[in-house]
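Read the numbers this way: they start at 1 and go in the same order the structure lists the ligands and their atoms.
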Amino acid sequence: MALNRQPKLKLWRDVFDSLNDAVLVLSPQFNIVLKNPAAEALLGTQVNREMIEALLSRNQWLEGMVRDCLERRQESSCADATLALAGQNLAVRAEVAPLLNESGQFKGAVVLLHDLSHQKGMELVAVNGGENDRVLGLSPSGLAHEIKNPLTGIKGAAELLAGLFPSEHRAQQYCGLIMDGVSRITDLIEQVLSVSGPQRLKQEPINIHLVLHRALGMAGLFPSGASAIRVEQVFDPSLPDVLGDAAALERVFLNLFRNAIEAIGPAAGTIRLRTRMESQFRLRMGREQRRFLRVEVSDSGPGMSPEQEAQLFTPFFTTKPTGSGLGLVLSQRIIALHRGKLWAQRCDESGLTGMTFKVTLPLADGSQAKHGE
Ligand code: ADP
């Protein structure tokens, strides 16, 4: 009998492991009985009791659903919620159901989390690129144009005004403030515009290492030169191409490198780049299972306080005097439009003291074959 049952158990396990939705099974004592690879892809590899308790205390809505299930055996669902993870917020659909054995005994709670970020990305694509633009009669680029026009006038007027009072220190100072403010707003608009048109993203096979080297070059880190920062490259050279837009991905990694450089500061430091196949994360696209690769950027900076970490990926969150607080938000959006993920953790096993930013990207069509799967 045991032999007969074995393949079936294995089949169940394979089904469980192949689900794209994150599934966690919690015992009535709050222990994790089971978790599938999608749960680790969504929540990170350290899915343990401590991590789940922290997750639930950050997400009171989910804690309520789990408690209702564990205490009252109630089933509940939430069609669209924001799940606050350590480094990012994620739109999810959540379901919590009681786990019962064959004889109807209550064994715990099954928690299912369905990542809606891709769907939301597509909704945004539809809103930005589709008919809905015409609801207000204004596209994002149209709005940007309308804002930039008067800004040009303000900047010109401030320059003229400064010219009228060349020896008035205070007039020069105030005009300088106006011109700086205008430049700042123009930069912000440019940054938002650079990713507000998802239709501009190309879909080409790209060698991720070339993208990384170009971004390192733009950050002044490659080939290694005068910089006091050592770049460690732990690359898997056999990685297949990813599918995407090289220029947009270069912007993402350039932003991560600049943040790492700024976090390290003027002293010597290390940035570690690691690339590898994402062993567990798969996404079903039609009849095909798409595989992913992962890039990790770790630094030897001071890291972030838990309060700061909770605000990462929030628009306009910055700790820098001249920061925009948009770099990570826009980077996350670019990666989501590639159907990948970008999130952050404090450096763990890497031996470095700062932050690790992790990016998953789907491999280009046909890439699966190279890895024999
Ligand atoms: P900006 O660089 O303009 O501030 P970002 O969105 O790129 O905008 O970053 C937001 C904030 O996240 C930064 O101001 C900084 O506080 C924090 N941050 C980003 N990367 C790191 C890092 N590698 N180490 C520590 N803090 C970081």
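Within ligand 1, the atoms closer than 4.0 Å to a non-hydrogen atom of G303 are 25 (C), numbered from 1 in the order shown. Of all atoms in ligand 1, numbered sequentially from 1 with element shown, those under 4.0 Å from a heavy atom of G323 are 3 (O). Of all atoms in ligand 1, listed by their number and element, those nearer than 4.0 Å to a heavy atom of D299 are 22 (C), 23 (N). Taking a cut-off of under 4.0 Å to the non-hydrogen atoms of T318, the atoms of ligand 1 that pass are 1 (P), 4 (O), 14 (O). Each of the atoms 3 (O) of ligand 1 lies under 4.0 Å from some heavy atom of S324.
Remark: D236 CG to L293 CG distance equals 9.0 Å, nearest 0.5 Å.
With contacts defined as side-chain heavy-atom distances shorter than 4.5 Å, the pair N259/F357 does not qualify. Counting heavy atoms from C-beta on, the side chains of Q311 and S305 never come closer than 4.5 Å. Side-chain contact between R276 and V234: absent, with no pair of heavy atoms (C-beta onward) separated by less than 4.5 Å. Side-chain contact check for L100 versus F106: some heavy-atom pair is nearer than 4.5 Å. Taking 4.5 Å as the limit, every side-chain heavy atom of D21 sits out of range of all side-chain heavy atoms of N36. The side-chain heavy atoms of F313 and R333, taken from C-beta on, include no pair separated by under 4.5 Å.
If you look at A263 next to ligand 1, the close heavy atoms, those under 4.0 Å, all belong to the side chain. Heavy atoms from both the backbone and the side chain of F317 come within less than 4.0 Å of ligand 1. At a heavy-atom distance under 4.0 Å, no atom of L256 approaches ligand 1.
Classified by interplanar angle (parallel below 30°, tilted 30° to 60°, perpendicular above 60°), the ring pair H213/F235 is tilted.
In terms of protein heavy-atom proximity, atom 14 (O) of ligand 1 is nearest to T319 N, 2.9 Å. Scanning the protein for heavy atoms near atom 5 (P) of ligand 1, the closest one is L328 N, 3.6 Å. For atom 1 (P) of ligand 1, the closest heavy atom belonging to the protein is G325 N, 3.7 Å. Of the protein's non-hydrogen atoms, the one nearest atom 12 (O) of ligand 1 is L312 CD2, 3.4 Å. Counting protein heavy atoms only, atom 20 (N) of ligand 1 is closest to N259 CB, 3.3 Å.
Looking only at distances, a side-chain donor or acceptor of T318 sits under 3.5 Å from a matching main-chain atom of K320.
One option in Q332, E262, M304, Q308 has a heavy atom closer to atom 25 (C) of ligand 1 than any other, and that option is M304. When the heavy-atom distances from atom 13 (C) of ligand 1 to M355, R346, K320 are ranked, the shortest goes to K320.
Look at G354 and you'll find every heavy atom at least 4.0 Å from all atoms of ligand 1. The shortest separation from a heavy atom of F357 to ligand 1 is under 4.0 Å, placing the residue in contact.
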| Please walk me through it: do F16 and W12 pass side chain to side chain contact (heavy atoms under 4.5 Å, CB included)? | CA-CA 6 Å; F16 186 66; W12 277 114; over 6 Å; no

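When each of R93, R339, K341 is paired with D115, the salt bridge (charged side-chain N to carboxylate O under 4.0 Å, His left out) condition holds for K341 and for no other.
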